[in-house]
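See structure below.
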Amino acid sequence: ARAISAALRVTLLGAPEATMAPRGTGDLEAYDLYLQGRFAWHQRTGPTLSEAARCFEAAAARDPSFARAWAGLEDACTLLPIYSDAPPTEVWPRAKSAALRAIALDDQLAEAHASLAYGTMMFEWDWGQAEAGFRRAIAADRGAAEAASVTPGAQRRLVPRGRPPDRRPGGRSEDRGARGRRESRD
């Protein structure tokens with residue numbers, strides 16, 4: 001049974017377990033703090049994002065190798081200027097540092113790549129680097145909720161910056177612009 005399980009695991013995951021980076025923590029209190037941080041983060045208000053950042057920092061302090069705690073800290077800090085009066089110039093360096101730490105710990109952590117890409121787009125206006133980061137997040141894990149939820153908003157911001165719109169089936173552009181709207185009235 002173990003041999004069959006091992007053979008299926010390689011087939012289903014597409015890579016042997018030895019090459020996969022660990023994503024969790026053995027510290028239950030750090031994990032509990034991480035879950036509390038995610039709960040607060042999903043509420044998306046200034047006070048709850050501040051609470052989320054505190055929870056993620058505490059989780060990372062308990063287990064400095066817990067990549068998801070560092071990625072969560074980046075998520076909370078990146079949204080703080082949007083939902084509160086926190087100055088971007090103060091929180092973005094902290095957020096970027098946390099994301100880079102998460103990626104250094106686990107290069108396959110999609111949420112860390114997506115968060116770094118979102119912050120790069122919002123605070124550095126580096127559209128090429130942001131798009132590359134979103135693509136990296138999707139390549140790391142197509143099912144990552146954070147990568148999937150951020151990417152559509154990012155696409156809307158990247159299109160006006162010179163990235164060509166994706167084409168719909170039948171050759172119609174998703175964003176036809178003013179000229180396309182005038183032509184459709186005729």
Side-chain angles (χ1 to χ4, degrees), residues 13-15 17-44 48-84 86-155 157-158:
L13 296 176
E17 282 185 54
T19 63
M20 295 178 65
R23 295 185 178 205
T25 178
D27 186 324
L28 293 179
E29 190 172 330
Y31 187 66
D32 187 52
L33 287 163
Y34 169 78
L35 292 177
Q36 290 175 38
R38 276 290 166 213
F39 177 79
W41 180 82
H42 280 288
Q43 294 178 36
R44 297 209 182 184
T48 60
L49 287 169
S50 294
E51 176 62 22
R54 283 190 292 276
C55 288
F56 292 133
E57 279 182 325
R62 286 198 56 84
D63 182 356
S65 66
F66 188 14
R68 288 189 177 210
W70 291 105
L73 178 58
E74 196 280 344
D75 284 341
C77 290
T78 297
L79 291 181
L80 268 171
I82 298 168
Y83 290 92
S84 73
T89 54
E90 289 181 19
V91 293
W92 172 235
R94 180 176 164 209
K96 186 175 183 178
S97 175
L100 293 173
R101 177 83 184 259
I103 291 168
L105 291 168
D106 184 353
D107 187 43
Q108 296 301 307
L109 188 57
E111 61 202 68
H113 287 284
S115 297
L116 180 60
Y118 186 76
T120 299
M121 179 184 68
M122 294 299 292
F123 302 118
E124 295 181 2
W125 296 7
D126 186 339
W127 315 115
Q129 190 68 26
E131 185 171 11
F134 286 121
R135 290 185 186 282
R136 179 69 181 104
I138 292 167
D141 184 358
R142 289 192 170 274
E146 288 80 6
S149 68
V150 166
T151 303
Q155 289 174 351
R157 288 179 178 88
L158 292 171

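Smallest separation of non-hydrogen atoms from Ala59 and Ala30: CB-O, 3.3 Å. In terms of heavy-atom proximity, Cys77 sits nearest to Val91 at O-CG2, 3.5 Å. Here the shortest heavy-atom pairing between Tyr34 and Phe56 reads O-CE2, 3.5 Å. Taking every heavy atom of both residues into account, Ala137 and Ala114 meet most closely at CB-N, 3.6 Å.
Atom CG of Leu80 is separated from atom CG of Asp75 by 11.0 Å, given to the nearest 0.5 angstrom. Atom OG in Ser50 sits 11.5 Å away from atom CG in Leu79 (nearest 0.5 Å).
Seen from the ring of Trp41, Arg44 counts as a face-on cation partner, given the 6.0 Å and 45° thresholds.
Applying the ring-ring contact (aromatic ring centres under 6.0 Å, His included) test to Tyr31 and every residue at least two apart in sequence or in another chain returns nothing. For Asp27, the salt bridge (charged side-chain N to carboxylate O under 4.0 Å, His left out) criterion is met by Arg62, not counting sequence neighbours. Partners of Gln129 according to the side chain to side chain contact (heavy atoms under 4.5 Å, CB included) rule, which considers only residues two or more places apart in sequence or in another chain, are Thr120, Asp126. Residues passing the side chain to side chain contact (heavy atoms under 4.5 Å, CB included) test with Ala117, sequence neighbours excluded: Phe134. Remark: Ala71 engages Ala102, Leu109, Glu111, Ala112 in a side chain to side chain contact (heavy atoms under 4.5 Å, CB included) (not counting sequence neighbours). Arg101 pairs by the side chain to side chain contact (heavy atoms under 4.5 Å, CB included) definition with Pro64, Trp70, Leu105, not counting sequence neighbours.
Counting heavy atoms from C-beta outward, Arg54 and Gln36 have side chains that stay 4.5 Å or more apart. Ser115 places none of its side-chain heavy atoms less than 4.5 Å from the side chain of Thr78. In this structure, Arg68 and Arg38 have side chains that are not in contact, with every pair of non-hydrogen atoms separated by 4.5 Å or more. Residues Leu33 and Glu57 are not in side-chain contact: their nearest non-hydrogen atoms beyond the backbone lie 4.5 Å or more apart. The shortest side-chain heavy-atom distance between Asp107 and His113 falls under the 4.5 Å cut-off. Using a 4.5 Å heavy-atom threshold, the side chains of Glu124 and Trp92 count as touching. Counting heavy atoms from C-beta on, the side chains of Glu74 and Tyr118 never come closer than 4.5 Å.
Between Arg135 and Glu131, at least one side-chain N (NZ, or NE/NH1/NH2) sits under 4.0 Å from a carboxylate O, which counts as a salt bridge.
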